[in-house]
Amino acid sequence: MSVPQASQDTASLVKRLAGPSVTKAGLAKDQTEINRIIAEASKGSKFYDNEKRKDKDLTERIGVILKHRDDLLRNADKSKIERTVDHMLTELEARRDLSQIIVHVDMDAFYANVEMLDNPDLKGKAFGVGHLHGVLTTASYEARKFGVRSGMPGFIAKKLCPDLIFVDIHFKRYSEMSAVIMDIFKQYDPNMYPAGCDEGYLNITEYCRAHSLSADICVQEMRARVHRETDLTVSAGIAPNKMLAKICSDKNKPNGQFHLPFERDAILSFMHDLSIRKIPGIGRVNERLLESIGIKTCGDIYTYRATVYLMDKYFGLQFLLRTHLGIASNNVEPVLREERKSIGAERTFSPLGDKEQILKKLEEVAVELENDMQKTGWAGRTLTLKYKLDTYQVFTRAKSFDRWISKKGDLFMNGKELLMHEWPVKLRLIGLRMTKLKDLRAAEDKGIKRFFSAAGPSSPAKRQKMGHRESMEPEEVLDVSDEYQEDCESMPGYEEHEFEEAGLAIEIPDDPITEPGDTGSSRPPQSRPSKPISSAAKPMSKKPTSTAQKPRSMATQEKDEGGDEGEGGRSCVCPICGKSMETDNSGLNAHIDFCLSRSAILEAQVESLNRQKERKGKKR
DNA sequence: CGGATCGAC
DNA sequence: CTATGTCGATCCG
């Protein structure tokens, strides 16, 4: 039975309004009082209304999930399930790896402390980096005592802390500092993984061995060096995997370090009382979803293991079991340039309804994106328009091309086309993003032929990245062969050619379950909303872009179908799977829809399979 | 694939 | 008055 009391609803809303980073380190005196002030300042705004709507949707989602849970539990043999889960836990436990020393380093209030370096008058003051009318990127520790947080709008922060000082952002300065500290970290692990400009993961196993150092001394030394060379402080967590190290770096923040014993029992008791919200990947939404089935701490995962087992598709059984045991990946390596997936730009402005003005914003964004792509050497094949209504609802619309795009004109024209399908709209944000990228800088090696020439496995030069076609002269990028264009436009399964090109066999298993056992198999929970779109969505645009959803060949087919066709059943052939059937128009359409989604899913699986192969090939 | 959601910094 | 920007992952149809 759910408890949909009004008081509970507003409680979750008030918490939501407090922002996503309330869990972070900060000496909040009285969080409920802070939350009250925030809710008070928010009331009546469009932002507030939107948050209220999202909160309501989530509450409904939870209702559906709980009902599903009750149904499942009624018919389940709980003890049997628990035995099964216990067995899984034993297997996970048997593969626990405590051999690697992983460190998560995290600069303390990075932007704020850099600003303090450059303006010592700020020392001891409550200040935020950002504008009164924008959003704060960082808050000094003095400001955090008032409940001021990163990501908080300036005017709310001002309400919480009336004497708050607003300091301008100097991103270039932070980047320079970032480079300095990263260089220091790299001396302890040349293969470190920088996660943003103020933190990173290191595997110091080898360094400690080579220098006969304990992990504690090594990390102390490293932190002292950062402090000596930059005057900035850094906190660190030492643990056998990335998840634990990350949680530990928060323990003695600021300017401290925490070493979790590399022993099973110590790790289990550490996890037992740990709030589920501390787990990387679990944010506000999943915290609420898990709380609804009784899970607040990682210890609760075991208590409710039967429920978690039954609700696997909502929460991810493997992920939660591993989390309960404190098991996670200990693989530390940098993200390679060629692994980049997207590049984009977006801008917020005071709400606009005028077409000319909005198009001007779109053009600015297009210019920004062009410059960015030019500077970093990328072109892309799919353009996604993102827009946020003045109600704060966000939508995306995408369009793919048969060539690589990067020029302002292409970005703007196609962005405009996507936007005009939605007209009229009143917007507060507009953005463009390119995906399906091509790395223009990987075009070094000559002597490589065009796609369709029967090339062997492509250049072994760069560390294998087979999903992308390598090496074309930049000039060639926009001049794509005719065969290829045809393929892209008319064949639903055209991607297969890419894979053949790369020398990969296409094998889709009958039962394509993602292979467990491998250490990377688990994922944070990712539950689906029960309702895709809220009822009061957007003020009715023209069409829901019906034909644009499907490949052109499909649209054509549909048209042909609709044209001359009686209602009675007759023999027809599905254009997707080739199956023939006796059905009427709507029956065929239903089958086509099924087939389309099925082929989309298969495509996704091919891509994912492809990615797996890439990963295997990449491992040194 | 396109669209929506969630999460991290 | 006033609520970011950029990216990756995942799920669904």
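Since this is a predicted model, take the numbers as computed values, not measurements. Per chain, numbering begins at 1; letters A, B, ... match sequence-line order.
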Do other residues, nucleotides or ligands put more than 12 heavy atoms under 6.0 Å from the NZ atom of A/Lys388? yes
Do A/Ser235 and A/Asp108 have a side chain donor and acceptor closer than 3.5 Å? yes
All side-chain contact (heavy atoms from CB on, under 4.5 Å) counterparts of A/Glu417, not counting sequence neighbours: A/Lys399, A/Asn414, A/His421
Across the strands shown, which category fits [X] at heavy-atom distances under 4.0 angstrom: base, sugar-phosphate, nothing?
| X | value |
| --- | --- |
| A/Glu51 | nothing |
| A/Leu429 | sugar-phosphate |
| A/Gly134 | nothing |
| A/Asp198 | sugar-phosphate |

Look at [X] and [N] and indicate whether a side-chain polar atom (N or O) is within less than 4.0 Å of OP1 or OP2.
| X | N | result |
| --- | --- | --- |
| A/Lys341 | C/dA9 | yes |
| A/Arg340 | C/dC7 | yes |
| A/Lys159 | C/dT2 | no |
| A/Tyr48 | C/dA3 | no |

Between [options], which nucleotide gets closest to the side-chain atoms of [X]?
| X | options | value |
| --- | --- | --- |
| A/Lys388 | B/dG7, B/dA4, C/dT4 | C/dT4 |
| A/Thr396 | B/dC1, C/dT4, B/dA4 | B/dA4 |
| A/Phe47 | C/dA3, C/dC7, B/dC1 | C/dA3 |
| A/Phe395 | B/dA4, C/dA3, C/dT6 | B/dA4 |
| A/Phe155 | C/dT2, C/dT6, B/dC1 | C/dT2 |
| A/Ser42 | C/dA3, B/dG7, B/dT5 | C/dA3 |
| A/Glu368 | C/dC1, B/dG2, C/dT6 | C/dT6 |
| A/Arg61 | B/dT5, C/dG8, B/dG2 | B/dT5 |
| A/Arg433 | C/dT6, C/dA9, B/dG2 | C/dT6 |
| A/Arg397 | C/dG5, B/dC6, B/dG3 | B/dG3 |

Taking [atom1] from [X] and [atom2] from [N], how many angstroms apart are they, rounded to a whole number?
| X | N | atom1 | atom2 | answer |
| --- | --- | --- | --- | --- |
| A/Asn286 | C/dA9 | CG | P | 17 Å |
| A/Asp372 | C/dG5 | CG | P | 14 Å |
| A/Leu289 | C/dT10 | CG | P | 18 Å |
| A/Tyr314 | C/dC12 | OH | P | 9 Å |
| A/Lys43 | C/dC1 | NZ | C1' | 19 Å |
| A/Leu383 | B/dC1 | CG | C1' | 15 Å |
| A/Arg347 | C/dA3 | CZ | C1' | 18 Å |
| A/Leu437 | C/dG8 | CG | P | 8 Å |

Could you pick out which residue, A/Glu199 or A/Lys54, lies toward the 5' side of DNA chain B when each is mapped onto its nearest nucleotide? A/Lys54
Contact nearer the 5' end of DNA chain B, comparing A/Val394 with A/Arg284: A/Val394
Student check: side-chain heavy atoms of A/Arg16 and A/Leu58 closer than 4.5 Å: yes
Any carboxylate oxygen within less than 4.0 angstrom of a Lys/Arg side-chain nitrogen, looking at A/Arg288 and A/Glu291? no
Does a salt bridge link A/Arg53 with A/Asp57, judged by any charged N lying under 4.0 Å from a carboxylate O? yes
base_contact_polar (C/dA3 base, A/Thr348 side chain, donor-acceptor, <3.5 Å): no
Taking the C1' atom of each, how far is B/dG7 from C/dT4, in whole Å? 15 Å
Under the side-chain hydrogen bond (donor to acceptor under 3.5 Å, both in side chains) definition, can you give me all pairs with a residue in residues 150-166 of chain A, not counting sequence neighbours? none
